[in-house]
Visitor: 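Before we start, here is the structure in question, set down as structure tokens.
Note that ligands are numbered from 1 as they come in the structure, with each ligand's atoms numbered from 1 the same way.
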Amino acid sequence: MRKVEMNRSLRTITFLSVLFFITACSSLSKQEYYEKQVVFPDNATLEQKIDMASRLVPTKQQLEWQEMELTAFLHFGINTFTGNEWGDGKDSPQLFNPTQLDCEQWAKALKDGGFKMVILTAKHHDGFCLWPTKTTEYSVKNSPWKNGKGDVVRELRDACNKYGLKFGIYISPWDRNASCYGDSPKYNEYFSQQLTELLTNYGEIHEIWFDGANGEGPNGRKQIYDWDLFLKTIRKHQPKAVTAIMGDDVRWVGNEGGLGRETEWSATVLTPGSYSHCDKSNQALGIDNMSKDLGSLTLLNNAKQIYWYPSEVDVSIRPGWFYHSKEDKEVRSLQNLVNIYYQSVGCNSVLLLNIPPDKRGLIHETDVQRIKELSNYINKTFENNQVIKGNKTWKASKGESKEYKIKPKSKFNTLLIQEDITKGQRVEEFSVEIYEQGQWKQIAKGTTIGYKRLLRFADCQAEKLRITINNTRAEANIENIGLYFAESL
Ligand code: FUL
């Protein structure tokens, strides 16, 4: 009897242990992720915050945006014809008269230049609209171009469809022409109507770009923007679009010189400028868009929340944002653009390169040629990965190394490494060694990886490569490693 009871209790214990084991295993394998934003519990420890931060992931559209890598910016408008960078809103619409405007020429040049998306200045600070809006007379409809019957937004949209490019718009909230600017509720309504027209008449819009420029209105009135209304308008009409700069999907890198950060966290504690608590949160952490550090553990320790808010590097191929013929000889060199590519795409950012159409309404021949050269250079550099099985996913713990075989007789000077950001951005520090003449030699090291990190070093030849993840916030998901040879310029 005692024996039977004992057997029964033994069976129960075994059953419960197995059950416990299965539950424990399944909860261990079931990783929880946070999309776009996570608020830390009030009394979260640093360890808890690190853990949560490592499981913060992009939304589907943020991921698609990041994977595009190269977006073209097109500054075009009344300034193209006046030679200004910022119009005062008083230039006559009669000045807008491109003689050969051809959006297909733009789209083809950009497609050939390797760009995946195009963002057009539908309205810059001067208030002149490139589409025949119902909201103001200050638009293409009062210009001589196509006798006032033209619509640049439509023509570019159609050209993007033809060439398979995604389409985005820049629309400046600061408007130096609108008489209601400074009468806050009235202008907010006006701006949201302009947004609505753009978001409902031109098919899918993939990115909406606006900064917070907030100059003085007529009679010194101060316009208070209703960011909530603007973002709601966007979410209502184009829920799949990413919103940039004052939007909350894409962050301004902090300069207009093409310089990404060496250490670039897409999981950042910087609160987007359109959120009402933004000033308070960012001031408490002592950071703004331009801070060098936006994601370290020191900041995380003091932060109340963290955002997936990746960086976009906006820079012009010419000194100005708008076309000026006097700058025809100052188009950036290929070498300069390649450096920018490494410092943007190669530093976990998207490159938003401005290529302004000229007075004819064409992208200037020099610029067309330069972006083609850039695309050829990038394609040639990255066409042949010299690492064998570099694209096999590697789950790496802190301190772990992995060796890779290199194709025989390869020469290389560039390392590419990527994290699978659908599982978060985690790596804090890594190093790169090669096996040469019987010993390991460190040739490079880096901090963050994120979507993509490129490192350049002197030309090398070796049999093996060894990557070490010196520090990571949680198990790193390395999804791609490559070695390439980039011709010197
Ligand atoms: C800035 C503007 O003031 C410049 O004119 C340009 O459009 C740049 C991309 O954004 O805020």
Visitor: Are Phe167 and Tyr202 an aromatic pair, judged by ring center distance below 6.0 Å?
Guide: no

Visitor: Kindly identify the option in His75, His124, Glu85 whose heavy atom sits closest to atom 5 (O) of ligand 1.
Guide: His124

Visitor: Can a side-chain donor-acceptor contact be found between Asn339 and Arg456 if the only test is distance below 3.5 angstrom?
Guide: yes

Visitor: Taking the side chain as C-beta and beyond, is there a heavy-atom pair between Ser266 and Ile421 under 4.5 Å?
Guide: no

Visitor: On the 0 to 90° scale, with breaks at 30° and 60°, tag the His75-Tyr170 ring pair as parallel, tilted or perpendicular.
Guide: perpendicular

Visitor: Run the side-chain hydrogen bond (donor to acceptor under 3.5 Å, both in side chains) check on Glu85 and His324 step by step: do they pass?
Guide: CA-CA 9 Å; Glu85 274 291 306; His324 310 292; 2.8 Å; yes

Visitor: Just to be sure I'm reading this right: ignoring hydrogens, which of Asp126, Ile245, Asp211, Thr121 gets closest to atom 10 (O) of ligand 1? Compare them by their nearest heavy atoms.
Guide: Asp211

Visitor: Starting from atom 3 (O) of ligand 1, what is the nearest protein heavy atom, named by residue and atom, and what distance separates them?
Guide: His125 NE2, 2.8 Å

Visitor: Below 6.0 angstrom between ring centroids: does that apply to Trp106 and Phe76?
Guide: yes

Visitor: Need the ligand 1 atom indices (1-based, order shown) with element for anything under 4.0 Å from a heavy-atom of Glu256.
Guide: 1 (C), 8 (C), 10 (O)

Visitor: Does some non-hydrogen atom of Trp174 fall short of 4.0 Å from ligand 1?
Guide: no

Visitor: For the NZ atom on Lys36, are there more than 12 heavy atoms of other groups (residues, nucleotides or ligands in this structure) within a distance under 6.0 Å?
Guide: yes

Visitor: Is it the case that ligand 1 has an N or O less than 3.5 angstrom from some N or O of Trp209?
Guide: no

Visitor: Any N/O of Asp314 closer than 3.5 Å to an N/O of ligand 1?
Guide: no

Visitor: Out of all atoms in ligand 1, which are within 4.0 Å of some heavy atom of Phe73? Include the element for each.
Guide: 9 (C)

Visitor: If we only consider heavy atoms of Phe322, is any one of them less than 4.0 Å away from an atom in ligand 1?
Guide: no

